[in-house]
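Take a look at this one; I'll ask things after.
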Amino acid sequence: MDGKIVIIAEKRREKLHPVTLECIEAAKEISGTGEIIVLVFGDEEEEELAENLLYQDADRVLYMKNSRLSRLESESLLPLIQQTVEAEQPSFLLFGQTDLGKNLAAALSEKINLPLVSNIVEVEKTNALLVTRQILSGNVLEKVETNTPCILSIKQKAWKANNRLQEKKGKLETIHPTVKQPSFSLVRLEKKHTGKEELANAKVIAAAGRGVQNEKGYSLVQELAKTLKGTVGVSRGAVEIGVCDAANQIGQTGETVAPKMYIACGISGAIQHLVGVTAAEMIIAINNDAEAPIFQNADYGIIGDVFEVLPLLKKE
Ligand code: FAD
């Protein structure tokens with residue numbers, strides 16, 4: 001099945017959202033020799049972003065240029081995506097499983113009456129397309145065979161973005177759509193430092209759980225992260241005991257991360273936490289309970305008290 005694919009590009013902090021490049025990698029597996037089209041919305045500032053996508057394996061970039069589109073409000077985007085689907089007749093429409101992607105994919109599925117398969121982590125090509133998706137907070141992997149046309153949304157970090165520029169192969173088509181004043185619009189965006197971006201890009205994460213017990217324990221995790229030139233993450237357990245806020249929480253309701261090394265300190269390994277670290281290359285767990293479930297998911301385990309182990313690790 002070599003179908004045409006349309007990907008909806010997203011921005012994060014005025015840059016291309018990594019999930020868009022992850023979608024391109026997924027699209028290459030799905031489409032075979034089919035055409036990969038990326039749809040970019042925005043104004044002057046997004047032109048370079050759209051142009052760059054031609055060096056990232058997109059066969060065509062459709063750049064919808066209008067000042068009303070740069071804030072990516074779904075009410076304005078939906079009719080334009082619908083028009084593109086009608087004009088291009090793709091086999092698959094691909095979104096990232098982000099707040100915007102989830103919102104657009106679901107609304108579009110209802111609007112144009114196409115099936116939606118969400119939260120995809122793997123694809124396999126048989127005669128049809130067999131996709132694996134996470135359901136029930138990541139507790140269950142479901143395999144679904146899809147027919148075309150179909151809408152797919154991919155879990156962030158399930159594919160590895162290729163950030164290296166490729167040979168330019170496609171072309172940029174600039175379209176000037178008419179966009180109605182939306183019925184509500186964003187008045188102001190205020191930047192809040194959440195640490196999410198550092199977490200998403202971190203190569204090393206030392207994460208604190210309820211087992212750190214107090215601020216002294218939390219500061220040992222901070223020191224280890226600093227020594228390893230990494231970033232601090234936390235579980236909900238650590239947030240609940242008040243040693244940190246939820247900005248750096250990892251898991252189902254927190255961030256999804258993909259570091260080379262993840263050191264879980266005093267974290268039990270609840271599924272709602274682990275779904276956020278499935279893409280970590282190596283998990284090291286420190287826990288004083290040899291039966292803690294985290295050890296079943298760890299590459300290395302240290303059975304011990306964080307107050308003894310963390311200073312030793314830092315020294316090493
Ligand atoms: P605990 O489960 O209490 O584990 C603490 C661990 O520390 C224990 O294993 C203990 O043996 C060990 N320990 C204690 N003292 C020491 C010591 N001195 N040295 C070494 N080890 C020690 N959780 C998340 O993290 N992220 C989420 O995004 C998230 N989303 C959720 C969404 C929903 C809908 C629900 C219902 C729950 C969610 N949770 C989430 C909560 C999750 O279920 C767990 O409650 C939470 O992850 C537990 O955090 P913890 O491992 O730090 O604490």
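When a ligand or atom number is given, it counts from 1 through the structure's own listing order.
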(request) Please determine if Lys160 and Glu22 form a salt bridge, counting it only when a charged side-chain N lies under 4.0 Å from a carboxylate O. (result)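 No.
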(message) Would Ile250 count as being in polar contact with ligand 1, using the rule that some N or O on each side must be under 3.5 angstrom apart?
(response)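 The answer is yes, given that Ile250 and ligand 1 share an N or O pair closer than 3.5 Å.
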(message) If you scan the protein for heavy atoms around atom 25 (O) of ligand 1, do you find one that is closer than 4.0 Å?
(response)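 Yes, at least one protein heavy atom sits under 4.0 Å from atom 25 (O) of ligand 1.
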(message) Tell me the nearest of Gly211, Gly254, Ser268 to atom 1 (P) of ligand 1, using heavy-atom distances.
(response)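 Comparing heavy atoms across Gly211, Gly254, Ser268, the nearest one to atom 1 (P) of ligand 1 lies in Ser268.
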(request) From the options Gly266, Gly209, Ala238, Gly237, select the one whose nearest heavy atom is closest to atom 5 (C) of ligand 1. (result)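 Ranked by closest heavy atom to atom 5 (C) of ligand 1, first place is Gly266.
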(request) Can you see which heavy atom on Leu78 is nearest to which on Ala107, and at what distance? (result)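 Scanning both residues completely, I find the closest heavy atoms to be CD1-CB, 3.6 Å.
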(message) Strictly below 4.0 Å, N to O, side chains only: are Asp43 and Lys65 in salt-bridge contact?
(response)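 No.
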(request) May I ask you to identify, for Ala270, whether its side chain, its backbone, both or neither come under 4.0 Å of ligand 1 on a heavy-atom basis? (result)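 For Ala270, only side-chain atoms sit under 4.0 Å from ligand 1.
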(request) Taking all non-hydrogen atoms of both residues into account, name the closest pair between Val38 and Ala58 and its distance. (result)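 Closest heavy-atom pair between Val38 and Ala58: CG2-CB, 3.7 Å.
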(message) Give me the nearest non-hydrogen protein atom to atom 19 (N) of ligand 1 as residue plus atom name, then the distance to 0.1 Å.
(response)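 The closest heavy atom on the protein side is Val306 N, 2.9 Å.
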(request) If you have a sec, work out which protein heavy atom is nearest atom 52 (O) of ligand 1 and how many Å separate them, to one decimal? (result)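 Here the nearest protein heavy atom works out to Ser235 OG, 2.5 Å.
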(message) Quick test: of every protein heavy atom, which one is nearest to atom 34 (C) of ligand 1, and how far off is it to 0.1 Å?
(response)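 Result for atom 34 (C) of ligand 1: Gln252 NE2, 3.9 Å.
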(request) Provide, to 0.1 Å, the distance between atom 9 (O) of ligand 1 and the closest protein heavy atom, together with that atom's residue and name. (result)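 That would be Asn287 ND2, 2.9 Å.
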(request) Inspect the contact between Arg210 and Glu240 and indicate whether a charged nitrogen and a carboxylate oxygen are less than 4.0 angstrom apart. (result)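 Yes, this pair counts.
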(message) Measuring from atom 15 (N) of ligand 1, which candidate in Glu240, Gln213, Arg210 has the nearest non-hydrogen atom?
(response)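 Comparing heavy atoms across Glu240, Gln213, Arg210, the nearest one to atom 15 (N) of ligand 1 lies in Gln213.
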(message) Using every non-hydrogen atom in the two residues, find where Gln156 and Gln97 come nearest and quote the distance to one decimal.
(response)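 The answer is NE2-O, 3.5 Å.
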(request) Do me a favour and list the nearest non-hydrogen protein atom to atom 29 (C) of ligand 1 with residue, atom name and distance? (result)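 For atom 29 (C) of ligand 1, the nearest protein heavy atom comes out as Thr253 OG1, 3.4 Å.
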(request) For atom 40 (C) of ligand 1, grab the closest protein heavy atom and report residue, atom and distance to one decimal in Å. (result)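 Here the nearest protein heavy atom works out to Gln272 CB, 3.6 Å.
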(request) Considering non-hydrogen atoms only, spot the tightest contact between Val6 and Ile8 and give its length. (result)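 What the structure gives for the nearest pair is CG1-CD1, 4.1 Å.
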(message) Working note: Met261 + Ile205, criterion side-chain contact (heavy atoms from CB on, under 4.5 Å); need CA distance, chi angles, decisive distance, verdict.
(response) CA-CA 6 Å; Met261 183 161 74; Ile205 296 174; over 6 Å; no
(request) Would you confirm whether Asn119, through its side chain, and Lys155, through its main-chain N or O, come within 3.5 Å as a donor-acceptor pair? (result)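 It does not hold such a pair.
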(message) Checking contacts here: is it the side chain or the backbone of Val309 that comes within 4.0 Å of ligand 1, counting heavy atoms only? Could be both or neither.
(response)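 Val309 to ligand 1: no contact under 4.0 Å from either part.
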(message) So, 4.0 Å and heavy atoms of Gly304: is ligand 1 close enough to count as a contact?
(response)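 Yes, that is the case, since the closest heavy atom of the residue is under 4.0 Å from the ligand.
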(request) Name the closest protein heavy atom to atom 21 (N) of ligand 1, giving the residue it belongs to and the distance to 0.1 Å. (result)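 I find the closest protein heavy atom is Asn288 N, 3.2 Å.
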(request) Determine, considering heavy atoms only, which of Glu255, Gln249, Arg236, Glu308 sits nearest to atom 31 (C) of ligand 1. (result)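 It is Arg236 that holds the nearest heavy atom.
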(message) Can you tell me how far apart CD1 (Ile175) and CE (Met64) are? Round to the nearest 0.5 Å.
(response)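 The CE atom of Met64 is 4.5 Å from CD1 of Ile175, to the nearest 0.5 Å.
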